[in-house]
Visitor: 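Below you'll find the structure I mean.
Each chain gets a letter, A, B and so on, in the order the sequences are listed, and its residues count up from 1. We use all heavy atoms of the structure for the numbers below, so side chains are in, but hydrogens, waters and symmetry mates are not.
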Number of protein chains: 2
Amino acid sequence: MDATARHPETDPRAAVKLWLRLYRPVSLIERELRSRFQREFGVSLSRFDALSALDRAPDGLLMGELSDRLLVTNGNVTGLISRMVADGLATRAALPQDRRSFRVELTDAGRQTFARMARAHADWLAELLADLPGETAAALGSHTETLMHSLRTEQDG
Amino acid sequence: MDATARHPETDPRAAVKLWLRLYRPVSLIERELRSRFQREFGVSLSRFDALSALDRAPDGLLMGELSDRLLVTNGNVTGLISRMVADGLATRAALPQDRRSFRVELTDAGRQTFARMARAHADWLAELLADLPGETAAALGSHTETLMHSLRTEQDG
DNA sequence: TCGAGATATTTTACTTCTAAAGTAACCGCG
DNA sequence: CGCGGTTACTTTAGAAGTAAAATATCTCGA
């Protein structure tokens with residue numbers, strides 16, 4: 001198979017159409033979550049995402065690992081974590097063996113805060129997705145997996 | 001009062017899982033588009049979205065209509081359009097019959113700029129989605145329609 | 001006609017985000 | 001060693017986003 005055979009018939013118009021169909025509902029949900037986090041907890045979605053990534057990492061994360069996971073730039077993480085440290089949710093300690101690096105870890109308060117928010121987050125999503133037929137949910141789950149995988153192979157190849 | 005009674009079978013854990021499966025690939029693509037717009041045209045994705053919404057409206061849009069379509073606040077649109085007007089891409093004229101309102105329209109330069117960007121946008125998406133099997137694309141297209149519809153009914157009900 | 005509320009937009013103060021440039025520390029090779 | 005390139009992170013300048021308050025205009029009923 002030659003190069004064109006690898007990407008046989010991708011119609012740019014169809015690609016845009018599919019993209020918009022994916023993008024719009026995801027944006028709507030994201031925006032709704034963002035505003036609920038703000039209203040209920042006075043917290044940004046970004047901060048919840050950071051708490052979530054750190055909660056999943058028992059030994060904390062380096063700044064760079066965190067920016068990889070959150071899909072944001074290093075500079076962004078610097079400010080985000082500074083504010084979280086100032087608010088007592090996380091600690092940021094230099095690594096003895098590599099003084100360029102910093103290990104970020106949740107404090108107990110941070111883990112407790114996250115636990116409360118995670119519960120609300122799950123409930124909100126259950127509510128927002130309540131009217132979605134079970135078959136559609138299942139199909140979306142598996143097809144978005146395929147999409148994710150195809151993005152990765154596209155990126156590498 | 002009991003939220004679970006209204007939505008009998010929505011498992012919050014499953015909802016979060018589905019949400020993350022939707023969110024991650026969409027974020028990846030969005031981020032990639034954003035960085036390509038910046039690199040190739042020195043323009044934000046938001047600006048492209050605004051150009052796109054305005055290009056679709058032959059007679060222009062009111063500020064409020066634009067913020068509805070872009071899913072952003074009025075205050076955000078004020079700044080976005082100010083910069084676009086300053087760059088010669090759009091005009092912003094008070095409505096004689098309602099002096100609170102402003103009609104925003106693309107200039108010829110705005111329409112030409114959008115046309116060039118839209119072509120690149122479509123090509124990028126075709127490239128990013130090239131490895132997605134046709135069946136998956138079709139299924140995703142129809143199921144995201146269902147998702148969008150279920151969000152609307154959820155919102156209204 | 002007048003005032004009360006609704007509506008359209010802007011302003012304000014702030015967080016979040018980016019790209020690019022800057023700083024500091026590490027690593028490997030001569 | 002020591003210097004050159006890489007890596008980890010921060011800083012900077014500015015766009016993009018928010019919520020909430022402010023401004024200005026419209027509308028409608030007494």
Visitor: dT15(C) C1' sits how many Å from Asp87(A) CG, rounded?
Guide: 12 Å

Visitor: When the nearest nucleotide of DNA chain C is assigned to Asn74(A) and to Met63(B) on a heavy-atom basis, which residue is associated with the more 5' position?
Guide: Met63(B)

Visitor: When you get a sec, tell me which of dT25(D), dA19(C), dA19(D) is the closest nucleotide to the side chain of Thr73(A)?
Guide: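 Out of dT25(D), dA19(C), dA19(D), the nucleotide with an atom closest to Thr73(A)'s side chain is dA19(C).
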
Visitor: Side chain of Leu62(B): nearest nucleotide among dT9(C), dA19(D), dT16(C)?
Guide: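 The closest nucleotide is dT9(C).
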
Visitor: Could you tell me how far apart Asn76(A) (CG) and dC9(D) (P) are, to the nearest whole angstrom?
Guide: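 That distance rounds to 14 Å.
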
Visitor: Which comes earlier along DNA chain D counting from the 5' end, the contact point of Val43(B) or that of Gln38(A), where each point is its nearest nucleotide?
Guide: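 Closest to the 5' end, via its nearest nucleotide, is Val43(B).
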
Visitor: Across the strands shown, which category fits Ser35(B) at heavy-atom distances under 4.0 angstrom: base, sugar-phosphate, nothing?
Guide: sugar-phosphate

Visitor: Tell me which nucleotide among dT9(C), dA8(D), dT16(C) gets nearest to the side chain of Arg100(A).
Guide: dA8(D)

Visitor: Return the value, rounded to whole Å, for the distance between atom CD of Glu40(A) and atom C1' of dA19(D).
Guide: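 Computing the Glu40(A):CD to dA19(D):C1' distance gives 15 Å.
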
Visitor: Does OP1 or OP2 of dA16(D) have a side-chain N or O of Arg83(B) closer than 4.0 Å?
Guide: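 Arg83(B) to dA16(D) OP1/OP2: side-chain N or O found under 4.0 Å.
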
Visitor: Taking Ser67(B) for its side chain and Val77(B) for its backbone only, find out whether a donor-acceptor pair lies under 3.5 Å.
Guide: no

Visitor: If the cut-off is 4.0 Å, is Arg99(A) near the phosphate of dC26(C), judged by side-chain N/O to OP1 or OP2?
Guide: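 Checking Arg99(A) against dC26(C): at least one side-chain N or O falls below 4.0 Å of OP1 or OP2.
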
Visitor: Could you check if a side-chain atom of Arg69(A) sits within less than 4.5 angstrom of a side-chain atom of Arg56(A), using non-hydrogen atoms only?
Guide: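 The answer is no; the side chains never approach within 4.5 Å.
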
Visitor: Given dC9(D), dT9(C), dA8(C), which nucleotide is nearest the side-chain atoms of Phe102(A)?
Guide: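 Nearest to the side-chain atoms of Phe102(A), counting from C-beta on, is dC9(D).
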
Visitor: So, OP1 or OP2 of dA15(D): does either fall under 4.0 Å of a side-chain N or O from Ser44(B)?
Guide: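 So the side-chain polar atoms of Ser44(B) never come under 4.0 Å of the phosphate oxygens OP1 or OP2 of dA15(D).
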
Visitor: Between the side chains of Arg34(A) and Glu30(A), is the shortest nitrogen-to-carboxylate-oxygen separation below 4.0 Å, so that they form an ion pair?
Guide: yes

Visitor: Less than 4.0 angstrom between a side-chain N/O of Thr78(B) and OP1 or OP2 of dT9(C), yes or no?
Guide: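 Result: no.
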
Visitor: Looking at dA25(C), I'd like to know if its phosphate oxygens (OP1 or OP2) sit under 4.0 Å from a side-chain N or O belonging to Ser101(A).
Guide: no

Visitor: dC14(C) C1' sits how many Å from Arg47(A) CZ, rounded?
Guide: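 To the nearest whole Å, that distance equals 13 Å.
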
Visitor: With side chains defined as the heavy atoms from C-beta onward, is the minimum distance between Leu28(A) and Met148(B) less than 4.5 Å?
Guide: yes

Visitor: Answer yes or no: does a side-chain N or O of Ser46(B) lie under 4.0 Å from OP1 or OP2 of dG17(D)?
Guide: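 True: Ser46(B) side-chain N/O within range (under 4.0 Å) of dG17(D) OP1/OP2.
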
Visitor: What contact category does Asp98(B) fall into here, base, sugar-phosphate, or nothing, at under 4.0 angstrom with non-hydrogen atoms?
Guide: sugar-phosphate

Visitor: Let me know the distance between CG of Leu80(A) and P of dC17(C), rounded to the nearest Å.
Guide: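 Value for this atom pair: 7 Å.
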
Visitor: I need the CZ-P distance between Arg34(A) and dA19(D), as an integer number of Å.
Guide: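 The distance from CZ of Arg34(A) to P of dA19(D) comes to 10 Å, rounded to the nearest Å.
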
Visitor: Taking the side chain as every heavy atom from C-beta outward, state whether Leu66(A) and Met63(A) have any atom pair closer than 4.5 Å.
Guide: no

Visitor: Rounded to whole angstrom units, what separation is found between the CD atom of Glu65(B) and the P atom of dT9(C)?
Guide: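 Distance check: Glu65(B) CD to dT9(C) P gives 8 Å.
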
Visitor: When rounded to the nearest 0.5 angstrom, what is the spacing between CD in Glu127(B) and CD in Glu32(B)?
Guide: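 Those atoms lie 8.0 Å apart.
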
Visitor: Closer to the 5' end of DNA chain D via nearest nucleotide, is it Leu95(B) or Gly75(B)?
Guide: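 Taking each residue's closest nucleotide, the earlier one in sequence belongs to Gly75(B).
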
Visitor: Does Leu71(A) reach a base, just sugar-phosphate, or nothing at all? Heavy atoms under 4.0 Å.
Guide: sugar-phosphate

Visitor: Could you tell me how far apart Gln97(A) (CD) and dA8(D) (P) are, to the nearest whole angstrom?
Guide: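 After rounding, the gap between these two atoms is 13 Å.
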
